[in-house]
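Working notes, structure below.
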Amino acid sequence: MSLSHESNLSKMEDDDGKRETRRARGTDDENLTRKSTTDGLVSEHDEAISVNSGKGGIPIGESRIALVEVIHSTGAPPTECWGTRYSLGLMGLLGAACVYAMRVNLSVAIVAMVRPQPKNDTNTTDADQVCLPPEGQDDPSQDGQTGDFDWSEATQGVILSVFYYGYLLTNLVGGRAAEYFGGKLVFGWGVVLTAIFTVLSPLCAQVSTGLFIAVRICEGLAEGVIFPSMNALLARWIPPLERPRYSSLVFAGAQFGTIITMPVSGWLCDTGFLGGWPSVFYVFGGLGIIWGVAWYFLVYSHPNIHPRISREEKAYINYHCGAHAQNAIPIPWKAIFTSLPFWATLVAHVGYNWGFYTLLSELPTYLKNIQHFQMTSNGIYSALPYLVMWIVCLVYSNIINHLQGRGKMSTIFVRRLSMGIGMYGPMLGLVAMCFVDCDPVLAMVFLCIAVGICGPIYSGYMCSHQDLSPNLAGTLLGFTNAAATIPGIVAPSITGLIINGNQTLWAWRTVFLISAVIYFVTGTFYITFISAEIQPWNTPPDDKKENGKKRY
């Protein structure tokens, strides 16, 4: 190639670079402000292009790299097949699946751990409220099955709920720690420590009930940091238009873990592998430890420190997540607790968790004592509603993501629509459960509706923390998840008191109706008062003065 031809090519590249730079600089003040928060990426790109134009001898490839980074720093998505944020989403899904597997395995295992409890004598007025087992089938609730522990329904309710005492204490700590030390460290250690306590659970249970309760509380302490730290990671890594998809993918890992755990736990209890019910804790605890090794090598707390992220993806993420500070900011306590959108998010979180935890903890007991499902089928059918929820969640979030990306739906409309479906749908499903009587098929249909149609909530309130304050997304989820842990403590205990020695249709109707009313009240509050705008308290006052109000 002749020198004159090379000079012409270089000049053309330089002219293109200047035009791209002028186009980027011609955006509005908000975009200019966002660029200033992307760790100096745009200024570096502009400098590189100006050097090229001055010397004319810089290789064309370097100019192209600079141009690509400028283009992506103005918001264009990268075209690579597999970005590092995809790895975060996948590992987040598997991590959430692991922690939920270690949380809900006790709901199935406890059915095999406990000796059958004597029922109260049924008087004639209650005779029609008790379901008889199918003809030719023994009553699984009174079949003389072996069990190592003599725990009443009330005691079982306490054991199922103590996990949440520990869980309550570390939610806020987890969100704040992730903002200071990075979500990778906090999330990863939360999963691994939960796994270690899970592996120790069978030994502790055999030593004493008190020690078993203590280790369940320790599991709760370790697991309490999980979702707030993940929310902090998503706020740093995921642009707003992609949040419904990624939040649904990651947080629906809870349903994926439940889907796998319940049937596998029932099968393990039946096979006698490693002693039967102890294997439930060994298997899922071991998987959590293996996951921790992969997490350490694949995930990083911030795109700017990831060693394998492409320049295009880094620029794209930094541009769209520009309202996120590089360092943790002070918590504006008064502003948060006087914010109505924050309270709407908190109330919705509490209301959803009441119904969710009630069924998560007590569904295997209902299917065994009322509908007379055997141990193996109990685990399979207990998982079926969560399979429906997982499918609904993924399909719904992808549809919403597509429509929102094309400008067909606003963010606030998506949040309200998602919560309307995700709260009123389960309410109707639980009301219908009051009329299924002793029909196990109909019971499973309405349980699948009550649980499955909750799927859209991950495109609803679970995105609101990131909407309201990207800088404090982990802290906000720490607040709301701590409050939403109270149903995990109260709901199983109240259910245990209602059904203790009273395994009747009337007793379970009371359980279902309480959850239905809570779904309606809290869902309505959220839809009425939620906002999708970044709140003024997202940015400290000093930063507002320095960068201007349009930063957020």
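What you see is a predicted model, and the numbers here were worked out from it, not measured in a lab.
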Margin query: So I514 and I518, do their side chains get closer than 4.5 Å, heavy atoms only?
Written below: yes
Notebook entry, point to check: Between CG of L160 and CD1 of I489, what distance do you get to the nearest 0.5 Å?
Noted result: 13.0 Å
Notebook entry, point to check: When H349 is tested against each of Y461, F227, F251 for ring-ring contact (aromatic ring centres under 6.0 Å, His included), which residue passes?
Noted result: Y461
Next item on the list: Side-chain contact test, heavy atoms from C-beta onward, threshold under 4.5 Å: evaluate it for S469 versus L476 and give yes or no.
Entry: yes
Checklist line | Note, I336 side chain near I331 side chain (heavy atom, < 4.5 Å) | finding: yes
Item checked: Residues E219 and R216 bridged, charged N to O under 4.0 Å -> yes
Next item on the list: Looking only at non-hydrogen atoms, find the nearest pair between A450 and I453 and report the distance.
Entry: O-CG2, 4.4 Å
Check: Can any side-chain N or O of N231 pair as donor or acceptor with the backbone N or O of L477 at less than 3.5 Å?
Finding: no
Check: With no hydrogens and no angle check, is any side-chain donor or acceptor of T170 less than 3.5 Å from a backbone partner on L221?
Finding: yes
Check: Does F512 have its ring centroid less than 6.0 Å away from the ring centroid of Y366?
Finding: yes
Notebook entry, point to check: Does one side chain, of Y458 or S418, offer a donor that lies under 3.5 Å from an acceptor on the other?
Noted result: no
Checklist line | From CD1 (I217) to CZ (F197), nearest 0.5 Å | finding: 11.5 Å
Note to self: Checking the side chain of W343 only, and the main-chain atoms of F337 only, is there a donor and an acceptor separated by less than 3.5 Å?
What the structure shows: yes
Checklist line | Side-chain donor-acceptor contact under 3.5 Å, T480 with H465 | finding: yes
Item checked: Non-hydrogen side-chain atoms of I530 and F525 separated by less than 4.5 Å -> no
Note to self: Is the ring pair F212/F281 parallel, tilted or perpendicular, if the boundaries are 30 and 60 degrees?
What the structure shows: perpendicular
Checklist line | Distance in Å, L88 CG paired with L93 CG, rounded so as to fall on 0.5 Å steps | finding: 11.0 Å
Notebook entry, point to check: Side chain of N481, backbone of N171: donor and acceptor closer than 3.5 Å?
Noted result: no
Notebook entry, point to check: Which value, rounded to the nearest 0.5 Å, describes the distance between S229 atom OG and W189 atom CH2?
Noted result: 14.0 Å
Checklist line | For the student: nearest non-hydrogen atoms of C448 and L384, plus distance | finding: SG-CG, 3.8 Å
Note to self: Is it the case that the side chains of N401 and E242 hold a donor-acceptor pair, with the cut-off being a distance below 3.5 Å and no angle test?
What the structure shows: no
Notebook entry, point to check: Under 4.5 Å between any side-chain heavy atoms of Y164 and R103, yes or no?
Noted result: yes
Item checked: Check against side-chain contact (heavy atoms from CB on, under 4.5 Å), M419 and Y352 -> CA-CA 10 Å; M419 292 302 288; Y352 168 72; 5.7 Å; no
Notebook entry, point to check: Which atom pair, heavy atoms only, marks the closest approach of V215 to S201?
Noted result: CG1-OG, 3.8 Å
Note to self: For Q206, I'd like to know if atom CD has over 12 heavy atoms of other residues, nucleotides or ligands within 6.0 Å.
What the structure shows: yes
Next item on the list: Nearest 0.5 Å please: distance from the CZ atom of F284 over to the OG1 atom of T198.
Entry: 10.5 Å
Next item on the list: Check for a donor-acceptor pair, side chain of K184 on one end and backbone N or O of V299 on the other, with a separation under 3.5 Å.
Entry: yes
Notebook entry, point to check: L249 and L394: which non-hydrogen atoms are nearest, and at how many Å?
Noted result: CA-CD2, 4.1 Å
Next item on the list: Using modelled atom types only, decide if a donor and an acceptor are shared between the side chain of N471 and the backbone of N538 within a distance under 3.5 Å.
Entry: yes
Margin query: For A205, is there any backbone N or O sitting under 3.5 Å from a side-chain donor or acceptor partner on T209?
Written below: no
Item checked: For Q466 against A235, the heavy-atom pair lying closest together -> OE1-N, 4.1 Å
Margin query: Less than 3.5 Å apart, any donor N or O on the side chain of Y526 or S464 sitting next to an acceptor on the other?
Written below: yes
Note to self: Under a 3.5 Å distance rule, please check whether W291 uses its side chain to pair with a backbone N or O of M91 as donor and acceptor.
What the structure shows: yes
Next item on the list: Drop me the distance from W277's CH2 to F149's CZ, to the nearest 0.5 angstrom.
Entry: 4.0 Å
Check: Is there a side-chain contact between Y246 and Y86, using heavy atoms and a 4.5 Å cut-off?
Finding: yes
Check: Which pair of heavy atoms, one from M423 and one from G351, lies closest together, and at what distance?
Finding: CE-C, 4.1 Å
Check: Looking only at atom types and distance, does a side-chain atom of Q535 sit under 3.5 Å from a main-chain N or O of S339, one as donor and one as acceptor?
Finding: no
Next item on the list: Flag the pair L274 / L268 as yes when at least one side-chain heavy-atom distance between them is below 4.5 Å, and no otherwise.
Entry: no
Check: Centres of the F479 and W333 rings: under 6.0 Å?
Finding: yes
Margin query: Side chains of Y396 and I421, heavy atoms from C-beta outward: is any pair under 4.5 Å?
Written below: yes
Checklist line | Expected output: side-chain R415 to main-chain S459 donor-acceptor under 3.5 Å | finding: yes
Checklist line | Stepwise ring-ring contact (aromatic ring centres under 6.0 Å, His included) test for W295 and F187 | finding: CA-CA 9 Å; W295 174 264; F187 188 91; 4.9 Å; yes
